[in-house]
Amino acid sequence: MCVVLRSSLAVVWVLVPLVAIGAPPKRPPVDVQAMQEAMGSGAPAEALGAYPSAASYAHFLRARLKHHDGDHRGALDELRLALASDDGSPFLLTQMGEQYARLSELERAEAQLKRVIERSPDYAPAQFLMGRVLYEAQKPTRARAHIGRAIKLRPADPDAYLVLTQLCLDQGKVDEAIKVVEDLGGALPGEPVGYRRLGLALAERGDAVRAERLLSRAVERDPGDLEAWTTLARIHEASGRPEKALEAWSRAVERDPENREVLLSAGRLALRLDKPGDARAYFDQLLSLGRDPESVVKVAFSYLAVHRLTDAAAMLDGARRQLEEPRLHFYAGLVHERVRSWGKAIEAFDAVAAEAGEVAFEARLHKASCQSAAGQHRAALEAFTRLAADRPRLSGLVPARARALERAGQVKEAEALLLSAFEPPRPAADVLDAVAGFYERQARPSDAVALITQALQRAPKDEQLLFALAAAQERKGDWQRAVETMRGVLDANPASAAAMNFIGYTLADRGGDLDEAERLVLRALDARPDAAAFLDSMGWVAFRKGQYERAVEYLEKATAEAPDEPTLLEHLAEACARAGRRARARAALERAVEILTENPDAADRPQQRVDLEKRLKAL
């Protein structure tokens, strides 16, 4: 077994006095401080009052040099020469025990240290090293006895406490480990190391409650401990205390204002707490350290995560003016596309150089889609034709090209293209979604059902096709059959949260068993508590049960996760109106109408925008 210094128990070996045997009667004065520094010792000056011969000391120094070079055999040889003139030195004998341990010769190390302890039972370094050797040899009971003895002999030495703490922790005796750390705190008031190391170890093990308590004690003693502050910040975030977490992140920033990870984490949390000014300050500090593309992208994605799309676009556009990096142009284009700023999106995608490889083809695909959405049908179709010639199997090309044909009025051509890509036994997911969307927009749900049913004859258990069939059946109005189709999916895969959600929402929306609907959706939420669709379903179940305040609660969470989904906003508006929150209902409807005006493709049904405008007027 190889003896290693555990990271949480790094030990500074304490050098003790070398016993002089037969020393000359006269010798020049010794510079004790210089000797300590040369030996790398943490021993107190008075412990060096006695010393061996000059030859013994020279061999000891050579042993230390070899030790630090990793030559432990050589260190042993030098120590034997040192002992030739000082054969009774417990210090040198203990050093030999350490070298044996370093060579993984634990039995020889134990035997060596046993001899030292028999001669000098109150020699603390030998007791301590014996405890460590026994610990590594997996003899914890004896190890604890020797480490405990070392602590009694030197109660102000933190190293023995730390090893004993680790030993207790390895045995699962967390309360005992905490007691050892408390004893260390009592022996050395103001010393943070025990609280810090045990706190970090417990945090890594997921024991957040006790880790927080210990790390809080650690930062009281050492407010400059960056790792303790960042760990506390993560604990506070995970336990739902974002304000306290942001305070910890800010303390971490004070300790290391050039730490990119800390600045990014602080900025992200500030955004989630709706403190854009604080977030901008952290992000500006981060970007001042070097405006590299990676940092810019991370900051932009932080804005995207809280749906601040305009800020994300501004961040990326600013970086694009300073850095020539294809990803910045591409990501800027995606954000502008998301907010339906077609002109800016086209310009950003066009800036991606052809030499950028795969991202250049992706940029061309998105540029053509934006041209189609902007009504530039001829340019879009020409771009798709060229792209199909250059990269015919590019993912997403067929659905995007078919949608462009449909927008340009070439409906038959769009359908033919989709059907040609509807390859048995299983079409690609994007093609399947595109076919379903096409037939829905064309008010031909029966054709979608027929096509998917035909595909299922070749792959009757294909879950993706079954989902598509159920959705097509529901759009056709045959919701009972859609539920039965999805029950088949759930029978084959009882853990399918999506199937549970589909059945639950459909039952609630179509007037089915609301109690069953609630049970299924709650099970789906157990699996994915932050899924916007599942939260919306639960809100709609509550709405149908007449529990309007509860419905609003779920639907607010759903729209927070997906703020640009018109149907979620529509549901929220209805729940708010029934709960007497007319202003909130109006705001939700206005936002849904705005989205559908900018992007008609976002509609969940053909007349959705018209319906919402009527409800808005009724309010």
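For the numbers below, each heavy atom of this structure counts, side chains included, while hydrogens, waters and symmetry mates do not.
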A.B. asks: Check the side chains of D564 and H307 for a donor-acceptor pair under 3.5 angstrom, ignoring hydrogens and angles.
C.D. replies: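 Distance-only check fails for H307 and D564.
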A.B. asks: Hey, is R605 close enough to D611 for a salt bridge, meaning N to O under 4.0 Å?
C.D. replies: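 Yes, R605 and D611 are salt-bridged.
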A.B. asks: Output yes when a side-chain donor or acceptor of D430 lies under 3.5 Å from a complementary backbone atom of G396, and no otherwise.
C.D. replies: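 Between the backbone of G396 and the side chain of D430 there is a qualifying donor-acceptor contact (under 3.5 Å).
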A.B. asks: Mind running side-chain contact (heavy atoms from CB on, under 4.5 Å) on R340 and I595 for me, showing each step along the way?
C.D. replies: CA-CA 9 Å; R340 294 112 188 164; I595 292 168; 3.7 Å; yes
A.B. asks: Quick one: is the NZ or CZ of R401 closer than 6.0 Å to the six-membered ring centre of F384, and within 45° of its axis?
C.D. replies: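 Relative to the ring axis of F384, which defines the angle, R401 lies outside at least one limit.
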A.B. asks: Tell me every residue that passes salt bridge (Lys or Arg N to Asp or Glu O under 4.0 Å) with E518, counting only those two or more places apart in sequence or in another chain.
C.D. replies: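 Testing E518 for salt bridge (Lys or Arg N to Asp or Glu O under 4.0 Å), a comparison that skips the adjacent residues, returns K545, R550.
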A.B. asks: Is K244 salt-bridged to E212, going by a charged N under 4.0 Å from an acidic O?
C.D. replies: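 No, this pair does not count.
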A.B. asks: We want to know whether E570 and Q608 form a side-chain donor-acceptor pair, criterion being a heavy-atom distance below 3.5 angstrom.
C.D. replies: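 Yes, side-chain donor-acceptor contact under 3.5 Å.
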A.B. asks: Work out which heavy atom in A472 is nearest to a heavy atom in P445; give both atom names and the distance.
C.D. replies: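 Between these two residues, the closest heavy atoms are O-CB, 4.3 Å.
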A.B. asks: Flag yes if more than 12 heavy atoms outside R528 fall under 6.0 Å of its CZ atom; otherwise flag no.
C.D. replies: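 Counting neighbours around CZ of R528, 12 or fewer heavy atoms of other residues, nucleotides or ligands fall under 6.0 Å, so no.
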A.B. asks: Quick check for you: to the nearest 0.5 Å, what is the distance between L316 atom CG and E325 atom CD?
C.D. replies: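 Here the rounded value is 11.0 Å.
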A.B. asks: Can you tell me how far the OG atom of S446 sits from the OH atom of Y439, to the nearest 0.5 Å?
C.D. replies: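 Spacing of OG (S446) from OH (Y439) equals 11.0 Å.
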A.B. asks: Might you confirm whether atom CZ of R280 has over 12 heavy atoms from other residues, nucleotides or ligands at distances under 6.0 Å?
C.D. replies: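 No.
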A.B. asks: Compute whether any side-chain donor of one residue and acceptor of the other, for E474 and T506, lie under 3.5 angstrom apart.
C.D. replies: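 No - no donor-acceptor pair under 3.5 Å links their side chains.
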A.B. asks: Of all the heavy-atom pairs spanning A402 and A414, show the shortest one and how long it is.
C.D. replies: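 Where A402 meets A414 most closely, the heavy atoms are O-CB, 3.3 Å.
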A.B. asks: For a 4.5 angstrom cut-off between non-hydrogen side-chain atoms, does D317 reach H336?
C.D. replies: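 Yes, side chains in contact.
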A.B. asks: Can you tell me how far the CG atom of L246 sits from the NE2 atom of H236, to the nearest 0.5 Å?
C.D. replies: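 Here the rounded value is 11.0 Å.
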A.B. asks: Could you go step by step and tell me if L200 and L215 meet the side-chain contact (heavy atoms from CB on, under 4.5 Å) rule?
C.D. replies: CA-CA 7 Å; L200 293 175; L215 291 172; 4.0 Å; yes
A.B. asks: Can you find a heavy atom in the side chain of L334 that is under 4.5 Å from one in the side chain of E337?
C.D. replies: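 Yes, at least one pair of side-chain atoms sits under 4.5 Å.
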A.B. asks: Salt-bridged, R268 to E237, with N to O below 4.0 Å?
C.D. replies: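 Salt bridge: no.
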A.B. asks: Which heavy atom of A517 sits nearest a heavy atom of V541, and at what distance?
C.D. replies: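 Of all heavy-atom pairs spanning A517 and V541, the closest is CB-CG2, 4.1 Å.
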A.B. asks: Give a yes or no on this: more than 12 heavy atoms of other residues, nucleotides or ligands lie within 6.0 Å of atom CD of E261.
C.D. replies: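 It does not: E261 CD has 12 such atoms or fewer within range.
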A.B. asks: Within the supplied structure, the quantity of interest is the number of heavy atoms (other residues, nucleotides, ligands) at a distance under 6.0 Å from Q322 CD; does it exceed 12?
C.D. replies: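 Check passes, neighbour count above 12.
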A.B. asks: Is any side-chain heavy atom of R364 closer than 4.5 Å to a side-chain heavy atom of F361?
C.D. replies: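 Yes, side chains in contact.
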A.B. asks: With a 4.5 Å cut-off on side-chain heavy atoms, are S369 and R403 touching?
C.D. replies: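 No, side chains not in contact.
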A.B. asks: Within a reach of under 6.0 Å around CD of E258, are more than 12 heavy atoms found that belong to other residues, nucleotides or ligands?
C.D. replies: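 Check fails, neighbour count at 12 or below.
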A.B. asks: Can you label the angle between the F467 ring and the F502 ring as parallel, tilted or perpendicular, going by 30° and 60°?
C.D. replies: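 Rings of F467 and F502: perpendicular, over 60°.
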A.B. asks: Restricting to salt bridge (Lys or Arg N to Asp or Glu O under 4.0 Å), what partner residues turn up for D513, sequence neighbours left out?
C.D. replies: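 Not a single residue meets the salt bridge (Lys or Arg N to Asp or Glu O under 4.0 Å) criterion with D513.
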A.B. asks: Flag the pair L569 / L589 as yes when at least one side-chain heavy-atom distance between them is below 4.5 Å, and no otherwise.
C.D. replies: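 When only atoms from C-beta onward are counted, L589 and L569 do not touch, as no gap falls below 4.5 Å.
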A.B. asks: Verify, without hydrogens or angle tests, whether W229 (side chain) and P223 (backbone) share a donor-acceptor contact under 3.5 angstrom.
C.D. replies: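 Yes, the answer is positive, given that a donor and an acceptor are paired below the 3.5 Å cut-off.
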A.B. asks: Which atoms form the tightest heavy-atom contact between A211 and G199, and what is the distance?
C.D. replies: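 Taking A211 first and G199 second, the nearest heavy atoms are CB-O, 3.4 Å.
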A.B. asks: Is there a side-chain contact between I178 and V174 (heavy atoms, below 4.5 Å)?
C.D. replies: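 When only atoms from C-beta onward are counted, V174 and I178 do touch, with a gap below 4.5 Å.
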A.B. asks: Evaluate the criterion side-chain contact (heavy atoms from CB on, under 4.5 Å) for residue pair V411 and F438; output intermediate values, then yes/no.
C.D. replies: CA-CA 9 Å; V411 176; F438 172 83; 3.7 Å; yes
A.B. asks: If you apply the rule side-chain contact (heavy atoms from CB on, under 4.5 Å), what do you find for E463 with S496, and how did you get there?
C.D. replies: CA-CA 10 Å; E463 194 167 303; S496 175; 4.0 Å; yes
A.B. asks: Any carboxylate oxygen within less than 4.0 angstrom of a Lys/Arg side-chain nitrogen, looking at E594 and R591?
C.D. replies: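 Yes.
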A.B. asks: Answer yes or no: is there an ion pair linking E294 with R327, defined by an N-O contact shorter than 4.0 Å?
C.D. replies: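 Judged by the 4.0 Å cut-off on N to carboxylate O distance, E294 and R327 do form a salt bridge.
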A.B. asks: So, do L507 and L514 sit near enough that their side-chain heavy atoms are less than 4.5 Å apart?
C.D. replies: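 A side-chain contact is absent here, since even the closest heavy-atom pair is not under 4.5 Å.
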A.B. asks: Can you sort out the partners of T597 under side chain to side chain contact (heavy atoms under 4.5 Å, CB included), two or more places apart, ordered by chain and number?
C.D. replies: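 Side chain to side chain contact (heavy atoms under 4.5 Å, CB included) check on T597 returns V593, R609.
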A.B. asks: Show the nearest heavy-atom pair for residues A434 and P399, with the distance to one decimal.
C.D. replies: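 What the structure gives for the nearest pair is CB-CB, 3.7 Å.
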A.B. asks: Measure the CD1-CD distance between I346 and Q371 for me, rounded to the nearest 0.5 Å.
C.D. replies: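 Interatomic distance, I346 CD1 to Q371 CD, rounded to 0.5 Å: 5.0 Å.
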A.B. asks: For the atom pair OH (Y505) and CG (L520), what is the distance rounded to the nearest 0.5 Å?
C.D. replies: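 Going from the OH atom of Y505 to the CG atom of L520 covers 15.5 Å.
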A.B. asks: Are any of the side-chain nitrogens in E549 or R581 under 4.0 Å away from the carboxylate oxygens of its partner?
C.D. replies: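 Salt bridge between E549 and R581, a charged N being under 4.0 Å from a carboxylate O: yes.
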A.B. asks: So, are K275 and E243 salt-bridged, with charged N and O less than 4.0 Å apart?
C.D. replies: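 Counted as a salt bridge, because a side-chain N and a carboxylate O are separated by less than 4.0 Å.
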A.B. asks: Keeping the roles fixed (side chain from R475, backbone from A448), state whether a donor-acceptor pair exists under 3.5 Å.
C.D. replies: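 No, the answer is negative, given that no donor and acceptor are paired below the 3.5 Å cut-off.
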A.B. asks: Measure the acute angle between the ring planes of F330 and H366, then classify it against the limits of 30° and 60° as parallel, tilted or perpendicular.
C.D. replies: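 Plane angle over 60°, so perpendicular.
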A.B. asks: Which atom names give the shortest non-hydrogen contact between V489 and A499, and what distance separates them?
C.D. replies: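 Shortest heavy-atom separation between V489 and A499 comes out as CG1-CB, 4.1 Å.
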A.B. asks: Check the side chains of Q473 and E484 for a donor-acceptor pair under 3.5 angstrom, ignoring hydrogens and angles.
C.D. replies: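 No donor-acceptor contact under 3.5 Å links the two side chains.
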A.B. asks: Is any side-chain heavy atom of L328 closer than 4.5 Å to one of V297?
C.D. replies: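 Yes; the side chains approach each other to less than 4.5 Å.
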A.B. asks: Take F543 and Y554 through the ring pair (Phe, Tyr, Trp, His ring centres under 6.0 Å) test and state the conclusion after the steps.
C.D. replies: CA-CA 10 Å; F543 178 84; Y554 277 107; over 10 Å; no
A.B. asks: Calculate, to the nearest 0.5 Å, the distance between atoms CZ and CZ belonging to R510 and R544 respectively.
C.D. replies: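 These two atoms lie 10.0 Å from each other.
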